[in-house]
Amino acid sequence: MSSISIIGAGTMGSAITGLALAAGSQVQVLTREATELDPRVAAGVVGDGLTGDVVVLALPYGAVAEVVDLYADRLDGKVLVDITNPLDFATFDSLVVPAGSSAAAQLQERVPGARVLKAFNTNFAATLASGQVGSLPTTVLVAGDDADAKAALAGVVSGVRVVDAGSLKRAHELEALGFLQLTLAAGEKTSWTTGFALAE
Ligand SMILES: NC(=O)c1ccc[n+]([C@@H]2O[C@H](COP(=O)([O-])OP(=O)(O)OC[C@H]3O[C@@H](n4cnc5c(N)ncnc54)[C@H](OP(=O)(O)O)[C@@H]3O)[C@@H](O)[C@H]2O)c1
């Protein structure tokens, strides 16, 4: 059975948990403090062993380094999914990662033994839960250098279309897209329940 560990049970952690449960995956959810979660989920606290082959960091950008450092080499071989939009929330006018780089590239440098993917950052949580962006299916764009890792992520969720967006270098573009989508929603040009869709 496919297995996934999700660190963080906020808006995105809950939405991704729903996709994984819908796929019949074995789901572990780790939170800072012991929390009552869906009984189908194996609940734990951050620092517990990771039972999933796929590990999703459903955390604010600013918390990622601290949490991955806690796991250090326990992430070797894992499919490690970065979903962050590393926005400068003080100005709402730029990303905080160096130009040309990405939060996902930074993560791969920090945890070289893990197989890092960028995914879900271009999807508002509501569109993961509904499976729809307007009248179109929700598409999860995934960037990463390891084809098997992408297949593992696609296999552990259901209810959304998962599309390979290219190498980990494309995380830069996905983060730009996520940033733009956030500014459009904040400016009421699109809503927090819709956003960008990919027409076939
Ligand atoms: N919301 C969206 O629609 C959306 C869309 C695309 C991407 N994202 C990205 O997804 C990520 C999560 O967003 P969200 O909306 O799910 O945020 P959220 O609802 O605030 O949830 C964040 C989670 O991270 C946990 N957390 C925060 N700091 C932590 C730390 N130092 N150690 C361990 N856990 C910590 C929080 O735990 P506590 O409850 O204990 O504080 C909470 O469970 C962000 O990087 C965001 O940019 C969000």
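When a ligand or atom number is given, it counts from 1 through the structure's own listing order. Residues: numbered from 1 along the sequence shown. This structure is a prediction, so every number in the text was calculated from the model and none was measured.
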Legend entry - Under 3.5 Å: N/O of Gly10 near N/O of ligand 1: yes
For Asn123, the atoms of ligand 1 under 4.0 Å from one of its heavy atoms are 5 (C), 6 (C)
### Query
Distance below 4.0 Å between atom 21 (O) of ligand 1 and any protein heavy atom?
yes
Among Ala103, Gly178, Pro60, the residue with a heavy atom nearest to atom 27 (C) of ligand 1 is Pro60
Answer yes if a protein heavy atom lies under 4.0 Å from atom 24 (O) of ligand 1, otherwise answer no. yes
(message) Tell me whether Leu75 shares a hydrophobic cluster with Leu57, the cluster being built from Ile, Leu, Val, Met, Phe, Trp, Tyr side chains joined at under 4.5 Å.
(response) yes
of all protein heavy atoms, closest to atom 11 (C) of ligand 1 is Leu59 O, 3.3 Å
Counting from 1 in the order shown, the ligand 1 atoms closer than 4.0 Å to a non-hydrogen atom of Phe124 are 3 (O)
One finds that the ligand 1 atoms under 4.0 Å from a non-hydrogen atom of Asn121 are 6 (C), 7 (C)
Quick note on ligand 1: atoms under 4.0 Å from a heavy atom of Gly8 include exactly 43 (O)
If you scan protein heavy atoms around atom 46 (C) of ligand 1, the nearest is Asn85 N, 4.2 Å
- prompt: Under a 4.5 Å side-chain heavy-atom rule over Ile, Leu, Val, Met, Phe, Trp and Tyr, are Trp192 and Leu184 clustered together?
  reply: no
Ranked by distance from atom 43 (O) of ligand 1, the top protein heavy atom is Ala9 N, 3.1 Å
To atom 32 (N) of ligand 1, the nearest of Val64, Val67, Leu30 on a heavy-atom basis is Val67
Within 4.0 Å of some non-hydrogen atom of Glu66, the atoms of ligand 1 are 31 (N)
Establish, from distance only, whether the side-chain atoms of Gln26 and Ser3 form a donor-acceptor pair under 3.5 Å.
no
If we number the atoms of ligand 1 from 1 as shown, the ones under 4.0 Å from a heavy atom of Ile83 are 7 (C), 8 (N), 9 (C), 10 (O), 11 (C)
Atoms of ligand 1 under 4.0 Å from any heavy atom of Phe120, numbered from 1 in the order shown, are 6 (C)
Checking contacts now, so for atom 8 (N) of ligand 1, which I'm interested in, is there any protein heavy atom under 4.0 Å?
yes
Of all protein heavy atoms, the one nearest atom 19 (O) of ligand 1 is Thr11 N, 2.9 Å
| query | Does a salt bridge link Lys169 with Asp145, judged by any charged N lying under 4.0 Å from a carboxylate O? | reply | no
Counting from 1 in the order shown, the ligand 1 atoms closer than 4.0 Å to a non-hydrogen atom of Tyr61 are 45 (O)
| Common cluster, Val156/Val81, ILVMFWY with side-chain heavy-atom separation under 4.5 Å | yes
- Item | No-hydrogen, no-angle side-chain donor-acceptor test under 3.5 Å, Ser191 and Thr194 | yes
Checking heavy atoms under 4.0 Å, the part of Ala125 that sits near ligand 1 is both
Checking heavy atoms under 4.0 Å, the part of Ala58 that sits near ligand 1 is backbone
In terms of its nearest heavy atom to atom 40 (O) of ligand 1, the top option of Glu33, Glu175, Arg32 is Arg32
**Prompt:** Distance only, no hydrogens: is a donor on one side chain within 3.5 Å (strictly under) of an acceptor on the other, for Glu175 and Tyr61?
**Reply:** no
Practice item. Taking the side chain as every heavy atom from C-beta outward, state whether Val133 and Phe196 have any atom pair closer than 4.5 Å. Key: no
Does ligand 1 have any atom sitting under 4.0 Å from a heavy atom of Thr31? no
Among non-hydrogen protein atoms, atom 16 (O) of ligand 1 lies closest to Met12 N, 2.7 Å
